[in-house]
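Residue numbers start from 1 in every chain, and the chains themselves are labelled A, B, ... in the order their sequence lines are given, proteins ahead of strands. Nothing here was measured: the structure is a model prediction, and the numbers come from that model.
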2 protein chains.
Amino acid sequence: MSNRLDAQMAFLMEADKLKQIVRGTTLADGSRYENSGEHSWHIALFALVLGADAPTDVKVDRVIKMLLLHDIVEIDAGDAPIFGDHDATEMAAKEEAAATRLFGLLPPDQAQSFRALWDEFEAAQTPDARFAKSLDRFQPPNQNLASGGGSWIEYNTDYSQFEARVGNKIKRGAPWL
Amino acid sequence: MSNRLDAQMAFLMEADKLKQIVRGTTLADGSRYENSGEHSWHIALFALVLGADAPTDVKVDRVIKMLLLHDIVEIDAGDAPIFGDHDATEMAAKEEAAATRLFGLLPPDQAQSFRALWDEFEAAQTPDARFAKSLDRFQPPNQNLASGGGSWIEYNTDYSQFEARVGNKIKRGAPWL
Ligand SMILES: [Ca+2]
């Protein structure tokens, strides 16, 4: 194996740990909390399905790649729930450090391009990133609706709070939904 | 919501069940068996990382879409282990029926295009499908190596059997690995 393949495999094996990061949302049937690995698959599938009807300035292939990578930093930084108390500045610093370490496992060209894609997602300024972010916010509420609102109730929130925090982001990125 | 979005959401919510299909392979640390939802994310990530070095006739964006969809049929048909006893003809019939039902939840244009992508993956004839299939075979052995070979031992196989069944498919689809 080449050094390049060794580096790629090191990243891919480290990425396996995302399957052990537990989120604040449950499966649709409420049977257990979901992990960030299976969430990343589901949200990429959302992009594949709903992206077909996105505005023409959204490149669905790029959105899918962003979403495959978007939660990787949680391997070091953990999952930040949409609701609930956490220090946003501290969390952002942890995620930056995580991105540096994790994408840094890759060969230099991929370390750079994957990091750029993650930075773009986080900044939520481009049409692709706005679409990706809005799907990431759109999916959990749907699962919570299907499972009776489990994790909303636990975070002590309600629909108007959801609307205020999440709804506008969805509207901004995916106004056709 | 339009009928189109209702159909898309019905598919996406049904797809959630893939997170409950348990595979014959463990996480890299051997702590538990993995499910087909998180596996689908991981294998799509393999395509994103390793696809950068694939031959030019492989379109990585299509491979990723194939891999996001490739195991959906397991929601109805269950997981068919690479090793171990099962009736391949019966399994193929179950998977065909599953594909008809599950992709049939989508709006007609997407039902048709997703089914075509899954059929292409299953047939393993095009460069994209051969690459996707070879990654799907390449990933579990790597995880098993990391976790001490757990599921190979349970299926009572060994490396030479792996080489014979899996190695050639990997070589056929991904000779540069
Ligand atoms: Ca997410």
Side-chain angles (χ1 to χ4, degrees), chain A residues 1-2 4-5 7-9 11-20 26-29 31-32 34-50 52-53 59-62 64-65 67-69 71-72 105-107 109-110 113-114 117 138-139 142-143 145-147 176-177, chain B residues 1-2 4-5 7-9 11-20 26-29 31-32 34-50 52-53 59-62 64-65 67-69 71-72 105-107 109-110 113-114 117 138-139 142-143 145-147 176-177:
Chain A
M1 292 217 262
S2 65
R4 182 172 175 81
L5 184 53
Q8 290 168 325
M9 289 308 303
F11 173 79
L12 288 168
M13 287 300 100
E14 189 70 9
D16 194 77
K17 294 179 181 165
L18 195 60
K19 300 169 188 171
Q20 306 208 43
T26 64
L27 301 194
D29 71 358
S31 58
R32 64 165 171 83
E34 70 172 354
N35 70 63
S36 292
E38 62 200 3
H39 157 73
S40 295
W41 162 73
H42 206 186
I43 202 67
L45 191 67
F46 269 69
L48 176 56
V49 170
L50 299 177
D53 303 312
K59 288 167 210 75
V60 177
D61 296 338
R62 291 190 80 243
I64 289 173
K65 288 173 192 169
L67 289 168
L68 291 176
L69 297 172
D71 273 343
I72 288 270
L105 296 171
L106 286 161
D109 61 313
Q110 292 191 312
S113 65
F114 284 30
L117 210 54
F138 180 60
Q139 185 219 9
N142 268 287
Q143 290 195 9
L145 289 177
S147 67
W176 64 98
L177 286 177
Chain B
M1 293 218 265
S2 64
R4 182 174 175 82
L5 183 54
Q8 290 168 325
M9 288 309 303
F11 173 79
L12 288 168
M13 288 298 100
E14 188 70 9
D16 193 77
K17 294 179 182 167
L18 195 60
K19 300 169 188 171
Q20 307 208 41
T26 65
L27 300 194
D29 70 358
S31 58
R32 64 165 171 81
E34 69 172 352
N35 69 64
S36 292
E38 62 200 3
H39 158 73
S40 294
W41 162 72
H42 205 186
I43 202 68
L45 192 65
F46 269 69
L48 177 55
V49 170
L50 300 177
D53 303 312
K59 288 168 210 74
V60 176
D61 296 339
R62 292 190 79 243
I64 289 173
K65 288 173 192 169
L67 288 168
L68 291 175
L69 297 172
D71 272 343
I72 289 270
L105 296 170
L106 287 160
D109 61 313
Q110 291 191 312
S113 64
F114 285 31
L117 210 54
F138 180 61
Q139 185 219 9
N142 268 287
Q143 290 196 10
L145 289 177
S147 68
W176 65 96
L177 287 177

Undergrad: Could you tell me which portion of A/L68 (side chain, backbone, both or neither) has an atom closer than 4.5 angstrom to a non-hydrogen atom of chain B?
TA: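 Both parts, heavy atoms under 4.5 Å.
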
Undergrad: Ignoring hydrogens, what is the shortest heavy-atom contact between A/A15 and B/L45? Give both atom names and the distance.
TA: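 Reported closest heavy-atom pair: CB-CD2, 3.6 Å.
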
Undergrad: Side chain from CB out, backbone as N, CA, C, O: work out which of these in A/R62 comes under 4.5 Å of a heavy atom of chain B, or both, or neither.
TA: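 Contact with chain B involves no heavy atom of A/R62 at all.
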
Undergrad: Can you measure from CD (B/E34) to CD (A/Q20) and round to the nearest 0.5 angstrom?
TA: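 Here the interatomic distance stands at 11.0 Å.
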
Undergrad: Apply side-chain hydrogen bond (donor to acceptor under 3.5 Å, both in side chains) to A/S31 and list each qualifying residue two or more places apart in sequence or on a separate chain.
TA: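 side-chain hydrogen bond (donor to acceptor under 3.5 Å, both in side chains) list for A/S31, sorted by chain: A/D29.
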
Undergrad: Who wins among B/L69, B/V49, B/L18, B/I72 for the most heavy-atom pairs under 4.5 Å with chain A?
TA: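 Heavy-atom pair counts peak at B/V49.
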
Undergrad: With only heavy atoms counted, which part of B/L67 is less than 4.5 Å from chain A, the side chain, the backbone, both or neither?
TA: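 Answer is neither: B/L67 stays 4.5 Å or more from chain A.
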
Undergrad: Mind listing the closest non-hydrogen atom pair of A/R32 and B/K19 along with its distance?
TA: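 Scanning both residues completely, I find the closest heavy atoms to be NH2-O, 2.8 Å.
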
Undergrad: Taking side-chain hydrogen bond (donor to acceptor under 3.5 Å, both in side chains) as the definition, give me every residue that meets it alongside A/D61, ordered by chain and number, with sequence neighbours left out.
TA: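 With neighbours one apart ignored, the set is B/K65.
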
Undergrad: What is the minimum heavy-atom distance between B/S40 and A/W41, and which atoms define it?
TA: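 Taking B/S40 first and A/W41 second, the nearest heavy atoms are CB-CD1, 3.3 Å.
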
Undergrad: Heavy-atom distances under 4.5 Å only: say whether B/Q8 touches chain A with side chain, backbone, both or neither.
TA: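 For B/Q8, backbone and side chain are both near chain A.
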
Undergrad: What part of B/L12 gets within 4.5 angstrom of chain A, counting heavy atoms only: side chain, backbone, both, or neither?
TA: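 For B/L12, heavy atoms of backbone and side chain both lie under 4.5 Å from chain A.
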
Undergrad: Answer whether the closest heavy-atom distance between the side chains of B/N35 and A/N35 falls below 4.5 Å.
TA: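 With C-beta onward as the side chain, the pair touches.
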
